[in-house]
Amino acid sequence: MDPKPNHPLMKIFSYQAPTRLVYGINSIDRLKEELKKFEFKNALIVTGSTVCKTTACDKVREALNSIGKYSEFNAVRPEPETSVLAGIAECVRQSPPDLVIGVGGGSALDMAKVASMLVANDKDPIKYFKGEPIVKRGPPIITVPTIAGTGSEVTPITVIVDDNTKMAITHYTLYPAMAIIDPVLSLTVSPQAMASAGIDALCHAIESIMSVDSNPVSSALAFEAISNVDDFFERAYCNGEDIEARNGLSLASVLAGMAFSNTGLCLPHGIAYTYAVQCSLPHGASVSLAEPYVVEFNTPAIPEKIDLIAAALGIDTSCMPASDVGCEVADRITEMLDIAHLPQTLDELNLDESDIEPMVNDLLKKHARFIAKNPRKPSREELIGLYESMF
Ligand SMILES: [Fe+2]
């Protein structure tokens with residue numbers, strides 16, 4: 001066999017996942033031992049005002065106390081706005097930490113990455129979200145997630161909201177050096193927060209497989225992530241004390257994060273960014289609303305990939321025409337949205353069809369990077385049709 005240059009066999013890919021994982025039930029108790037591997041004198045905990053009062057933070061403090069000095073920045077809010085950047089910059093530039101530990105949901109972990117970056121890069125923080133190059137690596141970052149789904153514990157990505165627009169930095173210096181993933185820490189999360197974050201992991205995994213930059217390694221990880229969400233999402237939602245289910249979602253979050261940090265995400269995340277902030281919708285809930293519609297839209301372009309996603313969801317596709325497989329996958333996602341009472345249409349967000357034009361303009365102007373990763377390139381008219389179908 002002599003494959004042609006554009007044959008899939010001839011595709012060269014790279015894959016990296018440099019974050020050391022310490023994973024498992026009660027793994028937080030290993031933190032003290034793990035911290036000894038980092039030479040630090042002045043650590044910084046980055047967290048939010050609620051998480052800072054939890055056992056998770058107490059355990060981090062306890063481990064740090066026995067080794068060295070530390071301080072805290074605990075003013076991170078969900079979906080952080082640019083106003084938080086000045087506080088983080090002031091905190092790290094007054095007393096530069098040599099280790100940063102993010103404890104909490106995706107936003108706290110994202111802001112821990114920003115704190116590390118600002119130790120070594122002295123420009124106005126917002127500039128780095130607007131394209132200013134990061135010139136130096138900051139101190140090591142440790143992530144301790146207290147909710148499963150965002151994947152931020154293993155990605156080099158940080159997201160902030162500026163004037164209703166989400167902006168992100170993706171840079172190799174933001175990869176956490178270590179992630180302590182203890183599913184026990186996610187037991188206290190409310191069912192709604194759990195559902196929004198858990199469904200985000202499913203969307204990350206599906207979009208990683210659909211991405212034009214998917215590869216066999218990322219797809220294997222994403223397949224496992226989808227399968228875990230399929231097995232455990234309902235159980236975790238219905239019973240907050242089901243540790244096996246929480247463990248399944250913690251694993252899904254990590255696997256999906258390792259997959260999409262290498263492949264990027266596609267159209268559903270881009271579409272979600274056009275209404276999530278103005279509708280005050282949690283990130284995962286905004287993305288999962290768009291996911292089934294985009295899966296159906298993409299199916300004609302990537303039937304084999306949709307087959308793979310269907311298999312991960314346990315759908316028997318034998319004797320099924322390719323076009324039906326996409327519908328089955330979309331239906332399975334919608335079933336999960338039903339279970340967790342997550343929104344499924346744009347009407348539920350009190351949007352109306354006159355909002356379509358501005359949302360499409362916003363998507364094309366500010367979030368085109370997600371379209372670039374999408375396997376089927378939508379025309380403007382097709383995007384309008386896609387949004388119309390979401391009403
Ligand atoms: Fe996401």
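For this chain, numbers begin at 1 and follow the sequence in order. Read the numbers this way: they start at 1 and go in the same order the structure lists the ligands and their atoms.
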Item to complete: Considering just N/O/S atoms, say which atom of His204 is closest to the Fe ion (ligand 1).
Response: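 That would be atom NE2.
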Worksheet item: Of all the N, O or S atoms in His269, which one sits nearest to the Fe ion (ligand 1)?
Response: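 Looking only at N, O and S atoms of His269, the one nearest the Fe ion (ligand 1) is named NE2.
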Worksheet item: Salt bridge or not for Glu33 and Lys36, using N-O below 4.0 Å?
Response: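 Looking at Glu33 and Lys36, the cut-off is not met.
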Discussion item. With a 4.0 Å cut-off on N to O distance, would you call Glu79 and Lys166 a salt bridge?
Written reply: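 Answer for the salt bridge query: yes.
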Practice prompt. Go through the steps for His269 and His367 under the test ring pair (Phe, Tyr, Trp, His ring centres under 6.0 Å), then give the verdict.
Written response: CA-CA 9 Å; His269 267 71; His367 311 296; over 10 Å; no
Discussion item. Hydrogens and angles aside, do Thr345 and Glu348 bring a side-chain donor and acceptor to less than 3.5 Å of each other?
Written reply: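 Yes, Glu348 and Thr345 have a side-chain donor paired with an acceptor closer than 3.5 Å.
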Worksheet item: When you draw lines from the Fe ion (ligand 1) to OD1 of Asp200 and to NE2 of His283, what angle lies between them, to the nearest 10°?
Response: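 With the Fe ion (ligand 1) as the vertex, OD1 (Asp200) and NE2 (His283) sit 90° apart.
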